[in-house]
Amino acid sequence: MDDVTSNFDLVLSAFWLTIQLALISGLASLVLGTLLAAMRVGPVAVLRRAAGVYVNVVRNTPLLIVFLFVFIAIPNVGYLTDTPFLLKGVIALTFYTSAFVCEALRAGINSVPLGQAEAARAIGLTFGQNMTNVVLPQAFRAVVPPLASVLIALTKNTSVAAAFGLLEATARMRGFTNNNADDRLLIFATFALGYIIVVELISLGAFGLERRWKAAR
Amino acid sequence: MARVRRMTVQQDREINAATGQPLVVLEKVNKHFGALHVLQDIDLSIKRGEVVVVIGPSGSGKSTLCRAINRLETIDDGSITLDGQPLPAEGKALANLRAEVGMVFQSFNLFAHKTILENVTLGPIKVRGVKKADADKRAMELLERVGIAHQAQKYPAQLSGGQQQRVAIARALAMDPKVMLFDEPTSALDPEMIKEVLDVMVELAEQGMTMVVVTHEMGFARTAAHRVVFMADGAIAEENTPHEFFTNPRTARAQDFLGKILKH
Amino acid sequence: MRIHRLKLAAVAVGLSTALAACGDAGSSGSSDTPDVEVQEDAASQFEEGSRMAELAESGEITIGVKYDQPGIGFKGATDDAPVGFDPEMGKVLAASLGIAPEDITWKETISDNREPFLQEGEVDLVIASYSITDERRAIVGQAGPYYVTGQQLLVPTDSEIETIGDVEGTEVCSVTGSTSLDNIEQEGATPRGFDTYSECVDQVLNGSIDAMTTDGAILLGYAAEAPDDLKVVVEPFSEERYGVGYSSDSPEMCQWITDTITAAEEDGTWAAAFEATLGQSGVETPEPPAMDECAAA
């Protein structure tokens, strides 16, 4: 354990990478997932179908395989070899998580009464304005709890990156346990606590949003 | 005093409506819901300034007719024109057309996450590109007119049904529509709130708004309508002035319908 | 009963070596490992109640080795048993207990589970490129070293990395959590951990990463597989002393392991094992290292 306490800066920098992965991928997934959800409920048949195929393929693929694809298969045919590893990690995590964001949001969109969208259309809003001003804001409120779950899963999923060149919390933990076989349990506990703190911050944020939005209606 | 003034305004309008150009024209409109033929060869022409009340038993297609006019329902064949322009199929053009047609729903459909004021200003700001300050000013005038100005900062759920429906009317008016569609605007209201909504509608009619009103409120039809359209089984069974229709219905279906609703 | 079984085992050894010799006419590969002489009536040679006597009596032993390190310990998906220098050492130790190679149960150990496997009795020995460290010796026994290697770099043949000083600012991969990765991080390189060495080699080959680092022996194996694309550079900049891990509940095993391997070093078995495994990559057979003294039991 002395090794961990005297190298605590390494623990912190590892968790900082975990947080960066979760934060950047989380934001990117929200954007991409929202676009996909809009495509899935939108009026253009081709886009509706494309988004449906994307979600089905990605949701049915294990995250590890998505990582293998981005980090090994694609570089082996000559692409992404100069792409920074952090960006590759964000690409893999976003690709995967956005499918879940899309489905959570679609459930939220379906929970918004049809009359809301009809009223918006009746005053002349286009599909895009309808989505951004009327449907999605209400859908987001309905899906804060499931979206928080998706983001929490994303945070823990960042640990897959440990096996793909990114020295995030799990990778650093494996380094410490390898060097300190006598202190495994404490090292596990320390890093588990780190994850719990990060996840708890997300939960608190979600809870705060939920409360604020509940007051505002 | 008020009664006298109303009569003169109405007389003016009757002259107007009689001589006005057709604003909404439906020709041979048909629509099916599966095997159900909900609109059958509907021909209807509504003049500028005219107030048309559509009545009929439930399931007669009157709501579908109303919703078809701003294409919330698509039609299978026939044509609908607004101010001489056929309804666009979709996209920006359709959105532009809808901006010209105000719509009031049975269940109000106020935007639940926006304040009363924001409900009224959303269309002008997003669709018409009006500056927020101007939109707010105009919205407050409209809310004043429907008697809700003091509740502008509240959310829809904090208002009674009658208040919400009056806001919905203000929201539609904020777009300066050429025609207003009312789809059973009082059916979801408690009885004591019906009058406050009807009063707003009567005032609107007096000011010369072109209106298509689907309703069961026969009192409104008698006082405010120029023409009553009676629908049954997806077709227009009879149309006439309110006075003629209520005192001397010609078809058996209309007699039967009036007999049922006027009995008690 | 026990004798009967031993006889059967001896017959099986004879048979399998004969078969191996038959099928081995033209090939020289992993099956071409030296035979080990299985000690007969081994149990009686150990003090009663010792772990060695128990194992010899049971006629079975479970040994943890690596499955993903060519030359050291490697098992392909379709192979029956792992091959490499570590399994060879395992066979030598088993033979001294009267246990034939076929009766050894091999178990894959990865870096993370070597100590837990020993502590929980999941395996009897760990011979898995298991560097001797004080931290490890605090919770498990480690006898050795039976092999000493050092960390080096595997780079593309056209790489500009020549000395250890050149790695600063480059990206260097190895297995996630390994000591090699820690060492290279301290040299100023960005460490990139992967699950397996083969994924790491892929990254060097496809140009995503500048170099791979781990014990030189493993790197030589990969360089031998692609001599046109890869080369091993840099003088060894760490010393890794591979030891045999055993449970700290059985300290008596230390002396046995030390004696058995020392004997193998002296009679040429060690050198034969090296030539059949790590030596395949072209590296010269080194002098066997001197084993550490066991602490007084």
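Protein chains get the first letters and strands the later ones, always in sequence-line order, with residue 1 at the start of each.
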Applying a strict 4.5 Å limit to non-hydrogen atoms, the region of C:Ile209 in contact with chain A is side chain

Max heavy-atom pairs within cutoff under 4.5 Å with chain C, candidates A:Leu68, A:Thr177, A:Leu167, A:Asn179, goes to A:Asn179

Residues 69-93 of chain A vs chain C, non-hydrogen distance cutoff under 4.5 Å, contacting residues -> A:Phe71, A:Ile72, A:Pro75, A:Asn76, A:Thr81, A:Phe85, A:Lys88

State whether C:Lys75 and C:Glu108 are salt-bridged, where the test is any N-O pair (Lys NZ or Arg NE/NH1/NH2 against Asp/Glu carboxylate O) under 4.0 Å.
no

From the list C:Ile139, C:Leu205, C:Leu181, C:Thr190, the residue making the most non-hydrogen contacts under 4.5 Å with chain A is C:Ile139

- Task: Indicate, with yes or no, if the rings of C:Tyr130 and C:Tyr146 have centres closer together than 6.0 Å.
- Result: no

So CG of A:Leu63 and NZ of A:Lys156: to nearest 0.5 Å the spacing works out to 13.0 Å

When the 4.5 angstrom heavy-atom criterion is applied to C:Asp202 and chain A, the contacting part is both

For C:Thr213 and C:Ser180, the nearest pair of non-hydrogen atoms, with its separation, is O-CB, 4.0 Å

| Could C:Glu252 and C:Arg51 be called an ion pair, given the rule that one side-chain N must be under 4.0 Å from one carboxylate O? | no

- request: Kindly say whether A:Ala99 contributes a backbone atom to a donor-acceptor pair with the side chain of A:Arg59 at under 3.5 angstrom?
  value: no

Exercise. Please step through ring pair (Phe, Tyr, Trp, His ring centres under 6.0 Å) for the pair A:Tyr54 and A:Phe95, ending with a clear verdict.
Key: CA-CA 9 Å; A:Tyr54 176 96; A:Phe95 190 69; 5.3 Å; yes

Between A:Asn56 and A:Asn60: side-chain donor-acceptor atoms closer than 3.5 Å: no

Listed by number, the residues in residues 28-50 of chain A that come under 4.5 Å of chain C (heavy atom to heavy atom) are none

For A:Val66 and A:Tyr96, the nearest pair of non-hydrogen atoms, with its separation, is CG2-CD1, 4.2 Å

When every non-hydrogen atom of C:Asp86 is compared with those of C:Ser129, the smallest separation belongs to OD2-N, 2.8 Å

Distance col, row C:Leu278:CG vs C:Gln69:CD, nearest 0.5 angstrom, shows 10.0 Å

Salt bridge check: are C:Arg192 and C:Asp210 linked by an N-O gap of less than 4.0 Å?
no

If one checks every heavy atom of C:Glu185 against chain A at 4.5 Å, the contacting part turns out to be side chain

The interface call for C:Thr179 against chain A, heavy-atom contacts under 4.5 Å, is both

